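Order of the sequence lines fixes the chain letters, A, B, ..., with proteins taken first and strands second; residue numbering starts at 1 for each chain. Keep in mind the model is a prediction, meaning the values are calculated, not measured.
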There are 2 protein chains.
Amino acid sequence: MTSLTIAEAAAQTGLTAHTLRYYERDGLMLAAPERAASGHRRYSERDLTWIELINRLRSTGMPIRDVRRYAGLVRDGDGNEAERLALLKAHRERVEAQLAEVTGHLRAIDHKIGIYEGKVAPTG
Amino acid sequence: MTSLTIAEAAAQTGLTAHTLRYYERDGLMLAAPERAASGHRRYSERDLTWIELINRLRSTGMPIRDVRRYAGLVRDGDGNEAERLALLKAHRERVEAQLAEVTGHLRAIDHKIGIYEGKVAPTG
DNA sequence: TTCAACCTTCGAGTGCGCTCCAAGTCAACC
DNA sequence: GGTTGACTTGGAGCGCACTCGAAGGTTGAA
């Protein structure tokens, strides 16, 4: 059973130690990580896996407060799977809509780049 | 020659009147919109077209300060097209990278949704 | 002419997500 | 024993992008 210091966990997740502590006190963790006798945090594999899910949710634009709500549901255990599923599906819808929007804007920007490269005639 | 009040320009661009004024004083506009005799702003087609480009850049994640820099280049007129092009291309690269990242995360979230829907066996 | 609805400026306030600081504890090495 | 460096806490501070408030002028319809 490996466990990591906060610095190691930070390196592995791409977050800072500051952010890991912030997520913890903000209720984003399933449970607070264990502590060494010294009081220092020790991150388990399970903690790391969970933080990686947080990263996926955050990187796709889910607000902290929604991550906290999702964490709360998972923490509460069995019986609320439908609610978790609804939360994830609503998030997925938003992400897909945003992907489509960004892709559309990107195409327009590409067009503008084409103009500057002299490949396309300027319009409007 | 049509020209719009700030409320009309807001409705047309999806921004608020507050935000339009903010963009103007923050140097994002090519030029301040004309004024009626009363001092009220009157937005031209050209203003609207520019605001729509701002919207595309902002919606794809370009920070205000970069939009301001790009506006400055356009304002300065001919001779810096290479710099404008470089700015847009750098932005496009970032957007594409981010699209790829988000798409990857979305797939992982979809997998998790599949688990909750009982379509996929839980892993990890 | 009166009234609501709109506009103006300047500056302050807000929400989000960190990010940092101060003061102290602890482990390891010289 | 002393020093270095990673860790702890609570709370303050910050950057971004708005968002709003106050106090007053303008517009247009009844």
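Take the nearest nucleotide of DNA chain D for B:G61 and for A:E8: the residue whose nucleotide is more 5' is A:E8. Checking A:S38 against B:R58, the closest nucleotide of DNA chain D that is more toward the 5' end is the one next to A:S38. The nearest heavy atom of DNA chain C to A:G39 and to A:Y23 marks one nucleotide each, and the one closer to the 5' end goes with A:Y23.
With a 4.5 Å cut-off on side-chain heavy atoms, A:L87 and A:M62 count as touching. Within the 4.5 Å cutoff, the side chain of A:R56 has no heavy atoms near those of the B:K112 side chain.
If you check C:dC10, C:dT9, C:dC20 against the side chain of B:R25, the one that comes closest is C:dC10.
Between B:D26 atom CG and C:dG11 atom P there is a gap of 15 Å when expressed in whole angstrom units. Summarising the geometry, the separation between CD1 on B:I6 and C1' on C:dA5 is reported as 15 Å, rounded to the nearest angstrom. Here C:dA5 presents its C1' atom at 11 Å from NE2 of B:H40, a figure rounded to the nearest Å. One can place CG of B:L20 at 15 Å from C1' of C:dT8, the figure rounded to the nearest angstrom. Separating the CZ atom of A:R35 from the C1' atom of C:dC26 is a distance of 14 Å, rounded to the nearest angstrom. In this entry the distance linking CZ of A:R21 with P of C:dC20 reads 12 Å, nearest Å. Between the CZ atom of A:R42 and the P atom of C:dC26 there is a distance of 14 Å, given to the nearest Å. B:H18 has its NE2 atom 16 Å from the P atom of C:dA12, to the nearest Å.
Side chain to side chain, A:T60 and A:H91 meet the donor-acceptor criterion of an N or O pair below 3.5 Å.
Once rounded to the nearest 0.5 Å, the distance linking CG of A:D110 with NZ of B:K89 reads 10.0 Å.
Contact between B:L20 and B:L15 at its shortest, heavy atoms only, is CD2-CD1, 3.9 Å. The shortest non-hydrogen separation linking B:A10 to B:A17 is CB-N, 3.7 Å.
From the 5' end on, the contacts that DNA chain D makes with chain A at under 4.0 Å to a non-hydrogen atom open and close at D:dC7 to D:dG11.
The residue B:T16 sits apart from the nucleic acid: no heavy atom pair falls under 4.0 Å. Counting any heavy atom pair closer than 4.0 Å across all strands shown, A:R41 reaches sugar-phosphate atoms only and no base atom. Residue contacts shown for B:A7 are limited to sugar-phosphate atoms, with no base heavy atom under 4.0 Å away.
Distances shorter than 4.0 Å separate none of the side-chain N or O atoms of A:Y22 from OP1 or OP2 on C:dC20.
Aromatic ring orientation, A:Y70 versus B:Y116: perpendicular (interplanar angle above 60°, classes split at 30° and 60°).
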